[in-house]
2 protein chains.
Amino acid sequence: MGLREDKKDRTRTQLLEAGLDLIHKRGFEATTVADIAAAVSVSPRTLLRYFPTKEDVIVSWVQDGMTIIREELEERLKSEPPVVALLASARAMLAVFDEKSRFFLTIETAIRSNRSISARKEQMIAELTDEVARILASPDRPSPLPWVVAYTVSGTVFALVRATISSWVEGRARTSLPDIFDTAASIVHFEENVTN
Amino acid sequence: MGLREDKKDRTRTQLLEAGLDLIHKRGFEATTVADIAAAVSVSPRTLLRYFPTKEDVIVSWVQDGMTIIREELEERLKSEPPVVALLASARAMLAVFDEKSRFFLTIETAIRSNRSISARKEQMIAELTDEVARILASPDRPSPLPWVVAYTVSGTVFALVRATISSWVEGRARTSLPDIFDTAASIVHFEENVTN
DNA sequence: ACCCTTTTGACACGCAATGCCATTTGTCGT
DNA sequence: ACGACAAATGGCATTGCGTGTCAAAAGGGT
């Protein structure tokens, strides 16, 4: 498949960029779906076929970060113990975003500007937490963790990520994202038998 | 103020209960604002004056839990070190919900049945995380924590709460909520100098 | 050039949420 | 007990998101 997929990718990217741009300038509720669609010369109906809700136009950027963690984790779990692998994956994601820090800040600002966007973001993180816990607890793994343990580990690591991003955005810490993450991670420790 | 406030409280409670009931039976999107309002013989307009959004009819129940944590924390912080106080507050909230476990399960099920409700819930937890972090980092406190540390502690504790509720709802653990919480809490440890 | 599949646009619709104003319902002073 | 005042409610109109449906357009394979 060539031209068709290409066009779809292009439209999607255009919508994503136009959406971020408009929402960043005018604000979230001041920007209608019709506005974003018009900016890309596409019908509103089409936009909602690419993105289930208006929030997703912004929040899709978060998906990228999640993809990094997912892939990184899958790879690392082959050789590293779960906790180490997860921490490293989260750190890797933050390293990527640190490089496009200016861009990342724009997105985070847009997200924080509106309740329904941040709600959606939080919900996605919750889903990812669940997903990662399921992986760590999977019976297919060499030593599957009990559900409570798996969820605790997963949830805690994402708490570290939140803490990192929050500190970074609030500007109370002026170092790099991975550095802040290391600081946060140095505060909490897992039971040794979890780090099998 | 007597009769007026009373009536308001009653209407609010009625809406809350009718809402939970209908949504539990028919599902979230199958239940309209008009339905819930009609069940209490009130105009839809009025319902939306009591609750900003339809989600809030369900999610208000979560507020109660948050109130417990808030109050408990404020009290305990007077005498206990921050981490200990926060952990105890979270545990206290879970103990309360454990007593109305049947009811609590209904609510959690309703929340999990729909994306926009769980999104709203997650966002509220995120806000509470932020709020608690602000308290722990407040310059008014005897030994205020740095922002990263405060946020990490706060976020981690709520991760434990999530893990507890998740394990409990998924039925993989058949003990009480506080017991599960203890298990989760026993897995993570904070740096000693944080537990000042 | 042809047919077949996918994508898009246009229209209609339901419902949540908000603003506005008239009406009702408590509250308080006299 | 009555009337003035404030608060709560209902009804109405409006906007905007999201969905279903179908016809038109664009892409791909022969």
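Values reported hereafter were calculated over all heavy atoms of this structure, with side chains retained and with hydrogens, waters and symmetry mates removed.
The pair B:Asp21-B:Lys25 meets the salt-bridge criterion, since a charged nitrogen lies less than 4.0 angstrom from a carboxylate oxygen. A salt bridge links A:Arg115 and B:Glu127; the closest N-O separation between the charged side-chain nitrogens and carboxylate oxygens is under 4.0 Å. B:Asp130 and B:Arg134 are joined by a salt bridge, as a carboxylate oxygen and a charged side-chain nitrogen come within less than 4.0 angstrom of each other. The pair B:Lys121-B:Glu108 counts as a salt bridge, with a side-chain nitrogen and a carboxylate oxygen less than 4.0 angstrom apart.
With 3.5 Å as the limit, one finds a donor-acceptor pair spanning the side chains of A:Thr46 and A:Ser43. A donor atom on one side chain and an acceptor atom on the other are found under 3.5 Å apart for A:Asp56 and A:Thr53.
Residues meeting the side chain to side chain donor-acceptor pair (under 3.5 Å) test with B:Glu99, sequence neighbours left out: none. For the salt bridge (Lys or Arg N to Asp or Glu O under 4.0 Å) test, residues two or more places apart in sequence or in another chain that qualify with B:Glu72 are B:Arg76. B:Asp98 pairs by the salt bridge (Lys or Arg N to Asp or Glu O under 4.0 Å) definition with nothing, not counting sequence neighbours. With sequence neighbours excluded, no residue forms a side chain to side chain donor-acceptor pair (under 3.5 Å) with A:Arg45. For A:Phe104, the ring pair (Phe, Tyr, Trp, His ring centres under 6.0 Å) criterion is met by A:Phe97, A:Trp168, not counting sequence neighbours. With sequence neighbours left out, the salt bridge (Lys or Arg N to Asp or Glu O under 4.0 Å) criterion links B:Arg70 to B:Glu131.
The interatomic distance linking B:Glu29 (CD) with C:dA16 (P) rounds to 11 Å, in whole Å. Here C:dG14 presents its P atom at 16 Å from NZ of B:Lys54, a figure rounded to the nearest Å. Atoms CD (A:Glu5) and P (C:dT7) sit 7 Å apart, rounded to a whole Å. Across the protein-nucleic acid pair, B:Arg120 atom CZ and C:dA16 atom C1' stand 14 Å apart, rounded to whole Å. The interatomic distance linking A:Glu55 (CD) with D:dC17 (P) rounds to 10 Å, in whole Å.
Proximity of residues 110-118 of chain B to DNA chain D (heavy atom under 4.0 angstrom from any strand atom) is not detected for any residue. Listed by residue number, B:Thr31, B:Thr32, B:Val33 are the residues of residues 30-37 of chain B with a heavy-atom contact under 4.0 Å to DNA chain C. Within residues 9-28 of chain A, no residue is approached by DNA chain D to less than 4.0 Å at the level of any non-hydrogen atom. Less than 4.0 Å separates DNA chain D from at least one heavy atom of each of the following residues of residues 42-52 of chain B: B:Val42, B:Ser43, B:Arg45, B:Thr46, B:Arg49, B:Tyr50.
At least one side-chain heavy atom of B:Val132 sits under 4.5 Å from a side-chain heavy atom of B:Phe158. Contact annotation: the side chain of B:Val57 never approaches that of B:Leu20 to less than 4.5 Å [non-hydrogen atoms, C-beta and beyond]. For the pair B:Leu16/B:Ser60, a side-chain contact is recorded, criterion being any heavy-atom separation below 4.5 Å from C-beta on.
Proximity of B:Lys7 to the phosphate of C:dG26: a side-chain N or O atom is located under 4.0 Å from OP1 or OP2.
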Atom pairs under 3.5 Å: protein N/O with N/O of nucleotides 22-24 of chain C:
none

Write out a two-atom table: protein N or O, nucleotide N or O from nucleotides 4-7 of chain D, distance below 3.5 Å.
| unit_1 | atom_1 | unit_2 | atom_2 | d |
| --- | --- | --- | --- | --- |
| D:dA7 | O4' | B:Arg4 | NH1 | 3.2 |

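Checked by atom type and distance alone, the side chain of B:Ser167 pairs as donor or acceptor with a backbone atom of B:Ala163 at under 3.5 Å.
Taking each heavy atom of B:Glu80 and B:Ala88 in turn, the nearest pair found is OE1-CB, 4.4 Å.
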> Step by step, would you call A:Leu177 with A:Arg91 a side-chain contact (heavy atoms from CB on, under 4.5 Å)?
Replying inline: CA-CA 8 Å; A:Leu177 285 163; A:Arg91 197 181 188 284; over 6 Å; no
